[in-house]
Amino acid sequence: MTHAIRVKWAAALVLTAGLGAAIACTPPAPGPATPDPDVVLHPVDAPLRPPLTEDALRQAEAEMQQRIQADLDLLGLGKIGSVGSPISSELVAYRQTWAETDPDVAPFLGTWEKEWDMLPHYFMTVFPSEVPGRVCLVRYSKQETATVPFEVYDTPLEFSVAQVAEGQLLASNTQSARSLLRQAPVMDYESEFLATVEPTGNMQVYASQRPPAIAPTWPAALMEQFRAAGCRE
């Protein structure tokens, strides 16, 4: 091989290697965003559940009373350890502050939980919003796996907004009302309960715990939607 041919061959190798490196370093085109498996987001403008009719509201009130009484009966028989929690003075003060700005939404605000009795357990936090008549909901539940006994997992966080008008709270994924808020004596303390009616027709009954608070572990996607909806702690 002559010197000139060797030079041309070496130059071709260098050019080919450089081109390969350039191709390897070129970032791939961005693909579609992957949904966060830990959060379910309902658009702020998602269609809301319709108001509960008078008949539906009376049925829900009666069912709520039956559910609470059944749990209190189990507590009295020593079959469960507790029902709800004592009403939080911090939550009462928090609501009083918000009542000066938006009295319609204030009674619903707070962290609500149903973790007495057997699984599943349910959790809902109701935040105020900068938009009058609006609240923000973050919900999830603790479930037992179907395959491994006693193994528990958290369902994805579910974010939605709700409008409160004429005594009813209406979101795209749940409904409630002022008449589904009530206090009841539990052994040596008073507890506060809230019932929600789900799109399936099932009812969830929660007990108030404390003022609403953002958890540091909440995904960025949820927090982005939270701020976009004008939600506040």
Side-chain angles (χ1 to χ4, degrees), residues 49 51-128 135-144 152 162 164-171 174-198 200-213 215 233:
R49 301 288 299 166
L52 293 162
T53 64
E54 290 186 10
D55 287 344
L57 201 51
R58 281 196 294 269
Q59 292 176 6
E61 292 164 0
E63 180 180 350
M64 179 185 186
Q65 185 60 42
Q66 292 170 358
R67 296 271 294 274
I68 293 172
Q69 189 58 54
D71 287 335
L72 293 177
D73 291 344
L74 290 174
L75 178 64
L77 294 172
K79 294 186 176 181
I80 55 178
S82 66
V83 173
S85 301
I87 296 174
S88 163
S89 58
E90 291 83 3
L91 178 56
V92 171
Y94 177 90
R95 289 177 181 165
Q96 288 173 344
T97 299
W98 269 99
E100 298 173 4
T101 303
D102 201 341
D104 291 337
V105 308
F108 295 98
L109 302 178
T111 301
W112 301 85
E113 299 178 359
K114 192 279 180 185
E115 49 182 352
W116 60 89
D117 204 0
M118 297 182 294
L119 290 171
H121 293 162
Y122 297 92
F123 305 86
M124 176 173 68
T125 306
V126 182
F127 293 90
V135 293
C136 303
L137 312 180
V138 179
R139 307 198 303 169
Y140 73 100
S141 64
K142 287 186 179 294
Q143 308 272 351
E144 189 172 6
V152 177
V164 180
E166 298 182 0
Q168 295 207 32
L169 182 153
L170 304 174
T174 194
Q175 302 158 281
S176 190
R178 282 291 298 271
S179 61
L180 298 178
L181 269 164
R182 60 187 60 184
Q183 297 180 3
V186 180
M187 305 297 283
D188 57 349
Y189 59 89
E190 191 91 357
S191 191
E192 178 188 39
F193 299 95
L194 170 66
T196 61
V197 180
E198 304 305 303
T200 59
N202 293 332
M203 172 178 285
Q204 303 297 350
V205 178
Y206 306 83
S208 66
Q209 301 294 317
R210 64 192 74 88
E233 273 193 288

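- Using a 4.5 Å heavy-atom threshold, the side chains of Leu91 and Ser208 count as touching.
- Shown here are the salt bridge (Lys or Arg N to Asp or Glu O under 4.0 Å) partners of Glu198, two or more places apart in sequence or in another chain: Arg139.
- Looking only at side-chain heavy atoms (C-beta outward), Leu137 and Thr125 stay at 4.5 Å or farther from each other.
- With sequence neighbours left out, Gln209 forms a side chain to side chain donor-acceptor pair (under 3.5 Å) with Ser85.
- Minimum heavy-atom separation, Pro107 to Pro103: CD-O, 3.3 Å.
- Taking all atoms of both residues into account, the shortest heavy-atom contact from Ala177 to Leu57 is CB-CD1, 3.7 Å.
- Listed by chain and residue number, nothing satisfies the side chain to side chain donor-acceptor pair (under 3.5 Å) test with Glu144 (two or more places apart in sequence, or in another chain).
- Pairs of residues two or more places apart, or lying in two chains, that qualify as salt bridge (Lys or Arg N to Asp or Glu O under 4.0 Å) and include a residue from residues 83-96 are Arg95-Glu192.
- Scanning both residues, Thr196 and Ser176, for their nearest heavy atoms gives CG2-CB, 4.2 Å.
- Between Phe127 and Val138, some side-chain heavy-atom pair lies under the 4.5 Å cut-off.
- Considering only heavy atoms from C-beta on, Pro212 stays 4.5 Å or farther from Glu233 through its side chain.
- The CD1 atom of Ile80 sits 5.5 Å away from the CG atom of Leu75 when rounded to the nearest 0.5 Å.
- With values rounded to the nearest 0.5 angstrom, Leu194 atom CG is found 5.0 Å from Leu181 atom CG.
- Among residues two or more places apart in sequence or in another chain, the ring-ring contact (aromatic ring centres under 6.0 Å, His included) test is passed with Tyr122 by none.
- Scanning for salt bridge (Lys or Arg N to Asp or Glu O under 4.0 Å) contacts around Glu63 gives Arg67, with sequence neighbours left out.
- Listed here is the closest heavy atom pair of Ala207 and Ser191: CB-OG, 4.0 Å.
- Between Leu169 and Ala162, the shortest heavy-atom distance links the atoms CD2-CB, 3.7 Å.
- Ser141 meets the side chain to side chain donor-acceptor pair (under 3.5 Å) test with Gln143, Thr155; sequence neighbours excluded.
- Shown here for Asp71 and Val83, the closest heavy-atom pair between the two residues is O-CG2, 3.7 Å.
- With sequence neighbours left out, Arg210 forms a salt bridge (Lys or Arg N to Asp or Glu O under 4.0 Å) with Glu113.
- Under the side chain to side chain donor-acceptor pair (under 3.5 Å) criterion, Thr53 pairs with no residue at all, not counting sequence neighbours.
- Defined by atom type and a distance below 3.5 Å, a donor-acceptor pair is present between the side-chain atoms of Gln65 and Arg182.
- For Pro86, the side chain to side chain contact (heavy atoms under 4.5 Å, CB included) test picks out Tyr189, with sequence neighbours left out.
- Seen from the ring of Trp116, Lys114 counts as a face-on cation partner, given the 6.0 Å and 45° thresholds.
- With contacts defined as side-chain heavy-atom distances shorter than 4.5 Å, the pair Gln96/Tyr94 does not qualify.
- Looking only at atom types and distance, the side chain of Asp73 has a donor-acceptor partner in the side chain of Gln69 under 3.5 Å away.
- Of the possible polar contacts, one joining the Thr97 side chain to the Ala93 backbone as a donor-acceptor pair under 3.5 Å is found.
- Residues Phe193 and Val186 are in side-chain contact: their nearest non-hydrogen atoms beyond the backbone lie under 4.5 Å apart.
- Checked against salt bridge (Lys or Arg N to Asp or Glu O under 4.0 Å), Asp188 has no partners two or more places apart in sequence or in another chain.
- The environment of CZ in Arg49 is crowded: more than 12 heavy-atom neighbours from other residues, nucleotides or ligands sit within 6.0 Å.
- Every residue two or more places apart in sequence or in another chain that forms a side chain to side chain contact (heavy atoms under 4.5 Å, CB included) with Ala195 is listed here: Met64, Leu180, Met203, Val205.
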